[in-house]
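Residue numbers start from 1 in every chain, and the chains themselves are labelled A, B, ... in the order their sequence lines are given, proteins ahead of strands.
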Amino acid sequence: MKNIIEIKNLHKVYARGTHALKGINLNVKEGEFCILLGLSGSGKSTLLRCMNKLIDSTSGEIRICDEDVVSALGNNLRRIRRQIGMIFQQFNLIKNLSALTNVLTGKLGYVSLGHSIMFTQHKDDVNIARDNLKRVGLLDFANKKVKNLSGGQQQRVAIARALMQNPKLILADEPVASLDPATADSVMKYLGELNKKDNMTVICSLHFLSLARKYGTRVVALKDGEIVFEGSPKEIDEKKFQEIYGEDAEEVEIK
Amino acid sequence: MKNNKIKSIIQAFFTDLLFWIYLWGCFLYLINSWFEINLKTSFVIIAGLIFTIFFLTAGISLGRKIFVPTKFTNIRWNKTFWGWSIIVVLAVTFIVGWKLVEVNPYKFFTQFKNAGGIMSGIFNPNLDILIMSLTALAETIYLALLATLFAIPIAFVLSFFAARNLMPKTILGNAVYVIIRSIATLFRSIEAIVWAIIFSVWVGIGPFAGMLALMVHSIASLTKLYSEQIENIDTGPVEAIKATGATTLQVWIFAVIPQIISPYLAFTIYRWDINVRMATIVGFVGGGGIGLMLLQQQQLLRWHNVGLIIWLIAAVVWIMDMTSAKVREKLVEM
């Protein structure tokens with residue numbers, strides 16, 4: 001399998017002096033479901049945001065689908081970003097627009113300004129958006145304002161928005177951290193399905209080891225901006241877990 | 001470290017200098033007006049300098065207290081020199097203010113009968129000029145409406161460039177931000193009444209001058225309100241839309257505008273409300289409408305006409321206030 005992500009010696013130092021990433025080397029193969037573990041502040045979010053240049057890295061190399069992300073600008077950056085779907089902890093939908101319009105925004109990287117303003121006039125786009133909503137089981141909510149949906153439903157709209165991009169890669173930044181355990185699992189199920197059925201590569205930061213074992217094909221653990229563990233989720237025992245999360249940590253089981 | 005110390009001593013020096021010059025200036029004004037002797041202004045500066053140097057080196061002055069921290073901070077303020085100097089300056093300010101404003105309670109309580117004309121006018125408004133007044137009133141309301149309408153698109157566009165979170169962190173981006181913000185603040189600090197004087201010379205006395213005056217003022221204040229609204233948006237959707245590969249303009253349209261549209265409308269309606277009120281005042285200095293009519297009738301001492309106009313203005317302001325509050329309430333829920 002080909003590498004879809006190649007990261008070499010990546011550093012990120014924030015303007016205030018925080019050294020968030022300290023020389024990350026990471027390769028991710030096509031079709032992997034890669035889980036990022038680590039405490040809050042360990043650099044997971046920064047790493048994910050460097051991959052689509054929402055954050056500029058300080059030094060190092062990032063290649064995605066054989067394209068250089070670090071130096072990409074303008075149209076090049078746009079082309080790279082549109083093949084990377086992104087899911088956020090806070091869903092980051094536009095709350096006073098309908099679910100359908102939110103899904104349609106996933107297409108923005110492909111269309112002109114004029115086209116995007118007249119989105120609802122483009123039948124083919126609308127049909128694809130409806131299909132994507134159907135896939136996450138929310139077709140009946142298409143015309144509802146997003147702020148009237150529950151957390152789990154909002155995250156599924158966000159997944160449909162990512163699907164609209166027709167991405168090769170999905171970055172998920174703690175997608176279930178603000179959901180209850182049952183909803184969390186159902187959202188993870190959709191991500192798992194995209195990974196298996198659609199062969200999308202998924203990189204997902206999580207806090208729950210049980211979910212990591214269930215869905216992940218590989219685990220990468222970060223601590224203070226460095227990779228401290230890389231391997232199969234099954235290899236993480238109590239000792240490894242405490243290395244990652246600190247000595248006082250205890251695993252919380254969710255089913 | 002040493003630089004800091006020098007800086008704080010310089011700050012303390014100028015604070016003290018300002019303090020003493022102000023205090024001696026006040027004394028000078030009081031002495032000159034009470035005793036009718038003519039002390040020179042140079043006296044103020046010399047006295048100020050001497051006091052500054054003396055009390056600063058003595059280490060007990062106000063500037064010293066503010067800018068140069070000392071160990072003895074737990075002394076009660078009323079046992080300190082700086083504490084008493086604040087009391088003295090407040091007292092002197094009050095006395096000077098009383099004199100400058102020509103406060104005279106005696107007049108207030110004994111000369112009520114002078115206002116008899118206008119009072120009887122208010123309670124016996126002249127309904128014969130109702131139609132004429134309503135025409136002038138319509139002029140005022142419409143000039144306020146047009147001023148608001150013209151201001152909206154201009155302020156809308158400007159507000160994007162006056163929002164710190166949207167402007168790129170480059171020299172050009174910063175310059176655009178600073179320039180628009182400064183001009184908006186400057187234009188807003190010039191009262192609409194001053195703009196009305198300028199425009200009544202420019203385009204002649206009448207509602208058009210009033211409209212231009214309110215428009216300039218509205219653009220300035222709406223730009224500020226709008227851009228502050230943009231600075232307060234949820235950045236999550238902006239990040240998410242950026243991540244889809246959207247262009248900057250698409251990010252503005254899909255992630256920024258939907259978040260600000262209802263507060264924008266609320267501000268705009270509030271602005272119209274303010275403009276109707278200001279339109280009356282602006283009329284006084286040549287801005288046309290009901291304000292101009294009020295001025296004319298007042299100068300002719302036709303108190304019954306003035307009475308009617310006052311009632312009409314009050315009614316309009318009251319209705320505008322009520323409806324705009326209701327509409328804004330609805331918009332916030334949206």
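Few gaps surround NZ on A/Lys95; more than 12 heavy atoms of other groups in view lie less than 6.0 Å from it. Shown here is A/Arg130, whose CZ atom has no more than 12 heavy atoms of other residues, nucleotides or ligands within 6.0 Å. More than 12 heavy-atom neighbours from other residues, nucleotides or ligands sit within 6.0 angstrom of CZ on B/Phe67. Heavy-atom contacts from other residues, nucleotides or ligands closer than 6.0 Å to OH of A/Tyr14 number more than 12. Few gaps surround CG on B/Leu186; more than 12 heavy atoms of other groups in view lie less than 6.0 Å from it.
Contacts between residues 44-54 of chain A and chain B, defined by a heavy-atom separation under 4.5 Å, are made by A/Arg49, A/Asn52, A/Leu54. At a heavy-atom separation below 4.5 angstrom, chain B is approached by A/Arg78, A/Arg81, A/Arg82, A/Ile84, A/Met86 within residues 71-86 of chain A. Interface residues of residues 212-225 of chain B toward chain A, defined by a heavy-atom distance below 4.5 Å: none. Contacts with chain B (heavy atom to heavy atom, under 4.5 Å) involve these residues of residues 101-122 of chain A, listed by number: A/Thr105, A/Gly106, A/Leu108, A/Gly109, A/Val111, A/Ser112, A/Leu113, A/Ser116, A/Ile117, A/Phe119.
One distance of note links CD of A/Gln90 with CG of B/Asp234; it measures 8.5 Å at 0.5 Å rounding.
Interface remark: of the candidates B/Thr248, B/Val251, B/Ile241, B/Ile241 forms the most heavy-atom pairs closer than 4.5 Å to chain A.
B/Pro258 and A/Leu97 get closest at one heavy-atom pair: CG-CD1, 3.9 Å. Residues B/Gly236 and A/Asn92 share a closest heavy-atom pair of O-ND2, 3.1 Å.
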